[in-house]
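Presented below is the structure to which this report refers.
As the structure is a computational prediction, the values presented were derived from the model and not from experiment. Letters go in sequence order (proteins before strands), and every chain restarts at 1.
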Amino acid sequence: MRAFIFRSSLNHFTRIVVFDKAQLLWVTEKFGDGAVKPRMLNFATPEPRVHGVPGTSDPVDGNLNVLCLRRFCAIVPVSVSHFVGLTLAGSALTNGALTLHSPVKRKLEAEKDYVFDKRLRYSVRQNESNCRFRDIVVRKEEGFTHILLSSQTSDNNALTPEIMKEVRRALCNASTDDSKLLLLSAVGSVFCSGLDYSYLIGRLSSDRRKESTRIAEAIRDFVKAFIQFKKPIVVAINGPALGLGASILPLCDIVWASEKAWFQTPYATIRLTPAGCSSYTFPQILGVALANEMLFCGRKLTAQEACSRGLVSQVFWPTTFSQEVMLRVKEMASCSAVVLEESKCLVRSFLKSVLEDVNEKECIMLKQLWSSSKGLDSLFSYLQDKIYEV
Amino acid sequence: MRAFIFRSSLNHFTRIVVFDKAQLLWVTEKFGDGAVKPRMLNFATPEPRVHGVPGTSDPVDGNLNVLCLRRFCAIVPVSVSHFVGLTLAGSALTNGALTLHSPVKRKLEAEKDYVFDKRLRYSVRQNESNCRFRDIVVRKEEGFTHILLSSQTSDNNALTPEIMKEVRRALCNASTDDSKLLLLSAVGSVFCSGLDYSYLIGRLSSDRRKESTRIAEAIRDFVKAFIQFKKPIVVAINGPALGLGASILPLCDIVWASEKAWFQTPYATIRLTPAGCSSYTFPQILGVALANEMLFCGRKLTAQEACSRGLVSQVFWPTTFSQEVMLRVKEMASCSAVVLEESKCLVRSFLKSVLEDVNEKECIMLKQLWSSSKGLDSLFSYLQDKIYEV
Amino acid sequence: MRAFIFRSSLNHFTRIVVFDKAQLLWVTEKFGDGAVKPRMLNFATPEPRVHGVPGTSDPVDGNLNVLCLRRFCAIVPVSVSHFVGLTLAGSALTNGALTLHSPVKRKLEAEKDYVFDKRLRYSVRQNESNCRFRDIVVRKEEGFTHILLSSQTSDNNALTPEIMKEVRRALCNASTDDSKLLLLSAVGSVFCSGLDYSYLIGRLSSDRRKESTRIAEAIRDFVKAFIQFKKPIVVAINGPALGLGASILPLCDIVWASEKAWFQTPYATIRLTPAGCSSYTFPQILGVALANEMLFCGRKLTAQEACSRGLVSQVFWPTTFSQEVMLRVKEMASCSAVVLEESKCLVRSFLKSVLEDVNEKECIMLKQLWSSSKGLDSLFSYLQDKIYEV
């Protein structure tokens, strides 16, 4: 049985996840406002079964008890701005302060911070005539397609193979219709937190050989879809972009960021090798010295730093960010479609085959890492043993 | 019949150009000081014929009248700092305020601003023993050759195939004589405003198949001459460098800029694809995100921005700019010729074949665009329909 | 007979070196505090013989006299912050103010500035169990190997073929043992002043054909060792990094610099072609414009400039520099060895063969330059005729 505590500064929540081999036993979440909510992760297969709820008694098949939970270590795959002590897990469980409900599928966001976002997302979905997507919103605008990351099945727009598949489908549609360009942005305060580590852990725990291949191939095809997209891609980064969410930016053409955005790719820190062609594009754009500091040491770049080093085209003030982006995208969309596509073709022609090659290599490496017991142990032991604070 | 109004902030002038198919009908210019001067464009063939002067009556074959002129739209292929209303064309024509003289070949510069420049150019030309060039000045100095853009047949050092041919000839001379390096600068307040759009429109209107090939090949050979030049090229940018005038900078070796310089390559905005290898060199130097913002959205870079992003080596104060450059060039020219040439060879060896390839591709694309009626219509309709203000 | 005066701002000393063909006649040094000390350079072969000491009389085989010394020109291959007049050589010799001792092997450092460094070096050497190296210190730490440049046989950590061979040996050891990464730093206030020009002049004076091949091959193998090293290399730059000492930085993975560090590669200025793959890596990282200004004009970059342009990952305050670096290196060394090595492999895979090719070409060019009488004369005449002040 493996137990993990995730602490995320993005939404100020702590999550406790307990696995018994392939079985997801239970999930508990504590938000910044003190509310504690149990939650079931959205795993397609194997169907997660919640056997019981932990409390003062021994709830799950006799395997899980308070002492066991006390051994849990904090795991923070992303940035933590406020360190949260280890007392939570113990005290919450021993004094029974956990208010446990039956598991419900629920977005992982502190209510008060996200009221606006939820309303926005609701209105976004309401206004769509064609709601064929679950975790992204696709809007067909005059001259361009607008894809919004708005994940229902993961937190902070984290990427699962299913979400990546939806993005690929949307890219495929946009490549064949009359859109002149693509705008990619996100609903909420986070742009994209990269791969969903809860998902990753759950799946790799269950069947590391099959799942490592499946997930690595999902990443490969997702990245390939960006490399091969022929129309200009504009990205609007509203907030943190982490891991794969930051790595794909150089595969896009224009990157506009809000002052609130920041960028981090702590691959080596969480015992992974680079993905999304960042092993090639980051040194090209940022220089070897800074790229390696990001890939090896998890160096965090602010929007302004990312702009001055070439990862971002321009930084805008958060309050007017959307308007500034829309204004510019509409102006671009008034250009000739042929000129836009041929210009991108000229800019990318020399990079395309190299990027495809890099993408293959990176995904083969990830697959090897995940399918080897040593690589997986290193990943798991890191997640279990480390408290990582940035 | 097509009519165009050019408005340029570079020299604060407005120009009205009227074509009837291949025939250039007439050109009128209004300067910042209010003076209005008709002007004939310098087209080699077909010989431009000025049929008449517009006034209150219907002057040109009955095709041109005030109402027709009122429909003219403002066209600004380059930056406009002060928006100029559309009233000029109408009012000037209806109230007959246009003072019309017989067309004379004349430099397109507001007199008061350019007194110094003209005196300088005059003295430059007077001092040259060998005045074999019309639109550039070539000075053989101790250890280096100095080429100054000083166009007589275009405005703001805009490039026509004839001017590009002169630069190529000067480069060829400098490559075989005992010059250790080449200094490229410009007379006047503008470094180079890129391709001459008046010329382009005139020629493509007359015979788009033949002319598109001729102009594209002229650009190709011009850019190739820079790629293949074996001695170090130092560029001193005194003012705005636009389009092709900015694109060739990464093909040079050292770029020193005055604080007054700025850089813009609004290719997509004016319905063109990138030229001068900018589709390859700009992403390499500035990063994909900023390069694409320049190529697709016409993002303007100040001298300081261009310096901090790597397009420019160093920025100097305008008043001492020439002295600073001369001091450094003379010091470089005291180095060993072998060391200079071999060092450049080492730095460029890996780029040369790629750049030649990119150059070919870019020029084929431009040719295709100009020779297709669709591409040309898009270019013309943009120039006719848009008011572009930066 | 050739005579050279070296003036270095790094340690505020002046050195007079006199050669008669292959024979090193004598060396005299004047420090910033006024002390004048004769000194024998550490040449392995041919054995340097000091025939006598110059004074008011004619000391050396009748070939050297005061008049001869008065013709000496100041040579400063590196930066000079305070110009030192030419009177020294003459006055010191005519008034007999030179206090001459028998030549002793001695570190070239002003005593008062280097008390701390010497104590540090002493303690460093005392603490090493395995002192197999003469000019570097190698420490095996938990998870990583620490190489410190601490040259006994050259000044300011300048590189000779012998020192480069020691570094290669240390790299070779670190590549096969259980080190996860390599930390490279320096003892003293200078990181590395590049090739040892005293050595270069002495050797090339003696047998330019044989020595040019030997030295060029030593550089090639030294640079190759960095290109081929498979584990991450972290460099900590405590002070000035010049020539080859700056050129190898892009071959390392993470570069942390103290505020006191600065970077200069004045190859063309001292009549050399680029080395250490700088002809490829500098344009890639800094852009063609700045790279060429460094390679052709000897442009000096401060630590902050180098950081903002991508040569350096991050700059730290001098007083806490070592601690900051150690903290980060230890954190990196806690990562999985496989992940570190495979990440570096992904980042470098596309560069490796190009860099090896560039390295070969650069060294062939240096060999040609040194073995041609013209190239050597240019180098010597520069060193004899120029006073170079930065």
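In this structure, C:F222 and C:F226 have perpendicular ring planes: the angle between them is above 60°, well past the 30° mark. Ring geometry for C:F316 against C:F321 counts as tilted: the plane angle lies between 30° and 60°, on a 0 to 90° scale.
Side-chain contact, C:Q314 with C:E324: no donor N or O sits under 3.5 Å from an acceptor N or O. Checked by atom type, the side-chain pair A:E211/A:S206 shows no donor-acceptor distance below 3.5 Å.
Heavy-atom distances place the side chain of A:L295, and not its backbone, under 4.5 Å from chain C. For chain A, the nearby part of C:V338 is the side chain; its heavy atoms alone come within less than 4.5 Å. Looking at C:L249, there are no atoms closer than 4.5 Å to chain A (heavy atoms on both sides), in backbone or side chain. At a 4.5 Å heavy-atom cutoff, A:I285 makes no contact with chain C through either its backbone or its side chain. With a threshold of 4.5 angstrom between heavy atoms, A:P283 approaches chain C through side-chain atoms but not through N, CA, C or O.
Chain C forms the most heavy-atom pairs under 4.5 Å with one residue out of A:G287, A:A289, A:G310, and that residue is A:A289. Each of C:P250, C:S349, C:C307, C:C252 has some count of heavy-atom pairs under 4.5 Å with chain A, and the biggest count is that of C:C307. Per-residue counts of heavy-atom pairs under 4.5 Å with chain C were compared for A:P274, A:A291, A:G375; the largest is that of A:P274. The candidate from A:M294, A:K361, A:Q284, A:R299 with the greatest count of non-hydrogen atom pairs under 4.5 Å with chain C is A:R299.
Between A:Q304 and A:E259 the shortest side-chain heavy-atom distance falls below 4.5 Å.
Salt-bridge annotation for C:K140 and C:D178: present, with a side-chain N of the basic residue lying under 4.0 Å from a carboxylate O of the acidic one. Taking a cutoff of 4.0 Å between a charged side-chain nitrogen and a carboxylate oxygen, C:E331 and C:R328 do not qualify as a salt bridge.
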